[in-house]
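For reference, the structure is listed below as structure tokens.
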Amino acid sequence: MTGMPSEPCYTVLGTVEALRGEDPLPIGPPQQRALLAMLLLRRNTTVGLDELIDGLWGEEPPRAAAGTVRLYVHRLRHALGPVIATHGKSYVLRIAPGALDLDAFEEQVARARARLTTDGPGTAAELLARALTLWRGVPLAGLPGPHARIHRERLSELRLAVLLERIELDLQLGHHARLIPELTALCEEYPGDGRLDVLIDTARAHSGRSGAVRTAAASPPLRRAREEGEGKGEALAAELPPPAQLPYVPGDFTGRDEELRTLIEALTPTSAECLMIAAISGMGGVGKTTLAVHAAQRLRGHFPDGQLYVNLRGMREDPADPTVVLAGFLRALGVADSAIPEDREGRAALYRTRLAGRRILLVLDDARNYPQIEALLPGSPDCAVLVTSRTTIPELPAAPQLRLDVLPTNKALALFRRIAGLERVAAEPEAAAALATRCGGLPLALRLAGSRLVARPAWSLSDMVRLLDGSRWAMDAPAGGADGLATCFRHSYDLLRDEEARLFRLMAIPRQAATDTEGAAALAGLPPAETARCLERLADLGLLETPVPDTYRFHDLLREFAAARSQEQDRPEERAAALTRLLDHFLTLACAAYARQRPGHPLAGLLLPATPPGPSRTSPDDGRPRVLPEPSTLLAVAEQALEAAPAAIGPVANLVLALEPLLDRSFRWDSMVSPARRILDVAEEQGHLRAAGRIGHMLGSALTMLGRFDEAEKTLHQAELAMLMVGDEAVRTEALTRQALVWQCQGDWERAEAGFRRAIAVGEACGNTWGVGNALLNSVSSLLRLGRPDDAATTCRAALESIRAAKDDFGQAHALYQLGVVARHLGEFDEAVARHRQSAELGVRNGYPAFEVLNAVSETAALLAGNRAGDAAECGERAVAAARRIGWQAAEARALRLVGTAFEAAGERDRARQRLTEAVELLTSIGLPESAQAKEILAGL
């Protein structure tokens with residue numbers, strides 16, 4: 001083509017493209033490209049707005065059709081430059097001579113016809129053959145609308161007419177036998193065309209062959225070849241152009257630069273003596289085909305003998321038969337139907353023979369497994385192969401084996417901008433980011449959402465966000481059509497066996513981000529070994545992700561797809577039973593963790609589920625390491641199970657109670673409040689006092705640790721009454737200890753000490769030795785405030801001895817902390833610092849970050865009392881940072897007060913004022929008594 005390098009060149013003899021040099025320009029989705037095609041076919045002349053609307057939509061255009069056309073023109077100008085002019089309500093596309101492949105084709109055809117009279121049929125036939133190489137497939141491929149349909153037929157007829165003209169010239173030159181395979185293929189492609197009947201009769205007559213030219217249209221070519229005495233194994237190569245079968249690549253390809261470079265480097269021909277193979281795998285809709293074809297298009301120059309492409313439909317119910325694929329490849333390589341062997345082995349052998357010595361690139365798209373592609377792999381090192389599949393194909397010797405993931409947020413937004421338009425995204429950046437999030441970074445979802453917006457220029461991006469919040473599957477119809485999200489995912493889903501499909505559906509029910517094999521087994525009621533096989537199958541098909549061994553999770557959109565299938569196919573009682581099994585599984589694991597972290601506590605055995613381990617549950621005592629999910633996940637599943645099966649209130653309450661050590665470790669008490677309130681309401685509505693008491697204790701504990709003391713006191717009092725009525729004494733011990741802690745935090749020392757004594761008495765009576773030791777240690781501060789340091793010290797030492805014997809890490813760290821507090825009150829400041837550091841190190845080593853905070857605060861107080869103001873300020877700042885990390889506001893407030901006091905003692909008045917002001921605000925908001933002391937020091941500054 002002869003356009004100026006700075007100006008775009010265009011193609012319509014295949015997919016519609018615009019290029020600047022070798023680089024494709026982003027001309028948008030199919031309907032926008034259809035508008036460009038209308039302007040190209042009327043190049044350098046005006047086309048009215050009404051004509052464009054009719055060409056795109058026909059007799060029933062949308063109400064916003066005019067606005068859509070203007071938007072498309074605006075976007076094309078942005079992509080192409082100022083080549084489209086407006087004249088009233090009309091547009092004209094200015095292009096240079098030869099910048100359109102159709103112009104180049106018609107010019108070469110005219111030159112061939114002119115040369116026929118001067119140079120004879122040989123030169124004319126050669127020029128026509130060269131002109132026909134400009135065709136790259138079906139003209140205006142993939143474009144919608146009546147205009148594209150009409151001109152697709154017109155241009156196809158134009159190509160056929162020129163092709164027949166070239167064949168007539170070849171017949172004049174005596175190439176009769178060589179033309180028979182080409183004419184045979186054309187007869188199959190255009191049944192009933194009388195011109196072809198005449199030409200093939202002529203070719204057969206002059207090559208010594210006779211017989212019926214055509215049988216019924218349905219007759220297989222090989223049968224006809226046998227009837228006519230052909231099929232002797234001779235590969236008759238027609239003078240066909242090199243195959244160029246690569247499909248259309250969207251011009252808005254974005255976000256895969258690194259992967260693209262990897263593929264191009266891997267498949268660029270070298271001196272290597274082995275076949276170059278690269279593979280791309282990933283979930284449906286992640287953009288494997290787009291990346292593969294884009295890479296193949298960039299590699300075309302390295303493979304001058306052609307590019308072969310096939311969609312193997314690996315995830316569909318009717319995957320492509322490699323025997324049939326081989327026949328198609330052989331035809332593209334110039335082998336006549338009569339010479340194509342009937343068996344796969346024969347076809348593969350001939351196929352590899354035809355590829356020998358040729359530089360051809362193969363794209364095997366959507367492969368199912370290795371047996372489907374084995375026969376399609378060339379034997380020649382001059383070729384290269386690019387395979388895409390939803391699963392990793394371990395037998396394939398590919399390097400690289402790329403596993404394509406969803407796009408990160410920034411790249412997802414970049415792709416969305418190119419599809420929906422820069423101006424629209426710039427006008428609503430927050431809504432655009434929300435859309436990228438709703439689409440989960442999945443290119444197919446982004447393309448569907450963006451294309452739907454392009455087709456609806458009156459919609460805002462916020463409108464689309466609201467639509468997707470109602471149902472992300474709104475993208476599937478009508479915007480998605482046959483290529484929508486659900487259709488894409490269903491190809492994999494339909495390949496599942498019954499038990500695999502059931503597990504896939506059930507895993508979408510619980511509100512948890514990921515699961516392990518045992519959790520999935522509990523959901524499905526399957527043995528773990530069978531569950532593991534199913535999970536790996538789901539991961540192989542791209543329906544699950546497995547970021548680390550034995551961890552499985554959904555992509556957000558696949559979770560919604562699975563949940564929708566579960567709503568359709570699983571009865572409510574089946575869904576409830578699955579959640580109950582999962583609840584039982586979590587409770588078993590939580591009880592085992594409770595027993596490890598609170599050795600000797602009688603509650604662990606009382607909380608265990610009544611049913612013995614079944615085939616879907618492995619005993620937690622089998623020695624295998626297990627990690628419980630986050631408290632927020634466990635609470636969400638507990639609530640969900642209760643919604644589905646209200647009778648499960650007892651196990652739900654037990655699971656919540658079993659989380660107490662986990663919350664002490666992680667200090668995620670904030671996650672407890674809202675779920676516990678909702679579960680407590682259900683327990684009270686059902687009159688289930690044991691559940692109400694246990695849930696109330698956990699809610700009160702959370703409120704205590706979060707510094708909400710008035711609410712905590714009331715909640716714990718009601719919980720203790722419920723436990724008293726049902727005789728739940730082991731838990732009542734803990735509730736009484738929490739009550740006393742509330743009073744201690746409020747500075748009511750005498751009431752707190754009496755509360756601890758009550759807890760100790762109840763614990764001793766019911767055999768709760770762990771609870772007794774915990775109450776004794778928590779009473780130390782009250783004993784000290786009441787002037788009983790010797791009792792406090794004796795309590796700590798006695799508790800530490802029994803705790804060490806029980807190998808209770810939590811209790812040991814707690815006892816060392818309290819010994820540090822006692823030492824500080826006795827004026828033994830160095831001893832206090834040493835004890836606090838011991839306690840903090842033990843707590844952190846065993847996964848109790850709260851002890852790091854607790855000891856840092858108390859160590860600051862000891863350093864301050866020992867007149868080490870600088871060290872106290874430094875330690876206090878560490879305490880503030882540690883408290884903020886775990887969200888412990890009460891500890892943060894106390895640390896801020898101590899840091900401010902230390903700065904004041906060190907003479908750093910500005911820093912003291914800053915920290916004390918923060919401390920007063922936080923202490924006052926929580927309602928801690930230390931606020932008065934902080935205010936007094938601040939006033940003195």
Side-chain angles (χ1 to χ4, degrees), residues 664-665 667 705 707 741 744-745 777-785 789 792-793 795-797 799-800 803 809-906 908 911-912 914-916 918-919 922-923 928-930 933-934 937:
D664 275 336
R665 290 173 71 94
F667 209 84
M705 301 309 292
L741 276 171
Q744 187 169 266
C745 290
L777 287 173
N778 277 298
S779 70
V780 165
S781 292
S782 294
L783 292 172
L784 291 170
R785 293 289 187 165
T795 296
C796 285
R797 292 189 182 95
L800 182 58
I803 285 167
D809 296 327
F810 177 89
Q812 189 175 342
H814 192 183
L816 288 168
Y817 164 77
Q818 295 292 15
L819 282 170
V821 173
V822 170
R824 172 163 54 88
H825 277 265
L826 293 175
E828 300 170 355
F829 303 125
D830 289 342
E831 169 72 7
V833 169
R835 291 296 194 183
H836 287 312
R837 289 178 180 175
Q838 279 183 286
S839 174
E841 191 277 330
L842 184 63
V844 170
R845 177 161 28 103
N846 289 286
Y848 294 100
F851 276 115
E852 178 188 5
V853 178
L854 204 60
N855 283 286
V857 173
S858 204
E859 182 184 341
T860 302
L863 291 167
L864 190 58
N867 295 317
R868 296 167 60 182
D871 292 341
E874 182 183 347
C875 182
E877 292 288 11
R878 290 201 309 272
V880 170
R884 286 174 176 169
R885 271 199 308 273
I886 67 173
W888 192 353
Q889 284 194 321
E892 179 190 348
R894 290 187 172 116
L896 287 167
R897 178 183 66 80
L898 290 168
V899 171
T901 305
F903 281 139
E904 190 270 340
E908 298 187 49
R911 298 177 74 180
Q914 176 188 349
R915 283 311 199 195
L916 286 167
E918 293 177 74
L922 197 50
L923 287 164
L928 291 174
E930 293 100 322
Q933 185 180 358
I937 300 172

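Residue numbers count from 1 along this sequence.
Counting heavy atoms from C-beta on, the side chains of Asp871 and Val833 never come closer than 4.5 Å. When side chains are defined from C-beta on, Ser858 counts as touching Arg824, because their heavy atoms get closer than 4.5 Å. Residues Asn778 and His814 have side chains in contact (heavy-atom distance under 4.5 Å, counting atoms from C-beta outward). Trp888 is listed as a side-chain neighbour of Leu854, based on a closest heavy-atom distance under 4.5 Å. A heavy-atom distance below 4.5 Å is not found between the side chains of Pro789 and His825. The side-chain heavy atoms of Arg868 and Asp830, taken from C-beta on, include a pair separated by under 4.5 Å. Contact annotation: the side chain of Tyr817 approaches that of His836 to within less than 4.5 Å [non-hydrogen atoms, C-beta and beyond]. In this structure, the side chains of Arg915 and Glu918 come closer than 4.5 Å at one or more pairs of heavy atoms.
Minimum interatomic distance between Phe667 and Ala850 (heavy atoms only, all atoms of both residues): CD1-CB, 4.1 Å. Heavy atoms only, all atoms of each residue included: Arg894 and Cys745 are closest at NH2-O, 4.1 Å. Across all non-hydrogen atoms, the minimal contact from Ala815 to Ile803 is CB-CD1, 4.4 Å. Pairing each heavy atom of Leu864 with each of Ala902, the nearest pair is CD1-CA, 3.7 Å. Nearest heavy-atom pair across Ala879 and Val853 is O-CG1, 4.4 Å. Closest heavy-atom contact between Val822 and Ala793: CG1-CB, 3.8 Å.
Remark: Glu874 CD to Leu863 CG distance equals 9.5 Å, nearest 0.5 Å. Leu923 CG to Leu896 CG: the interatomic distance, rounded to the nearest 0.5 Å, is 8.0 Å. To the nearest 0.5 Å, atoms CD (Glu904) and CZ (Arg911) are separated by 14.0 Å. Distance check, rounded to the nearest 0.5 Å: CG of Leu741 to CE of Met705 gives 7.5 Å. Taking CZ of Phe829 as the reference point, atom CG of Asn867 lies at 7.5 Å (rounded to 0.5 Å). To the nearest 0.5 Å, the span separating OG on Ser839 from CD on Gln818 amounts to 9.0 Å.
Around atom CZ of Arg797, no more than 12 heavy atoms belonging to other residues, nucleotides or ligands sit under 6.0 Å away.
Of the charged side-chain nitrogens involved, none lies within less than 4.0 Å of a carboxylate oxygen, so that Arg837 and Glu841 do not count as a salt-bridged pair.
Partners of Asp809 under the side-chain contact (heavy atoms from CB on, under 4.5 Å) rule, at least two apart in sequence or in another chain, are Asn846.
Although no hydrogens or angles enter the test, the distance criterion places a donor-acceptor pair under 3.5 Å between the side chain of Gln744 and the main chain of Ser782.
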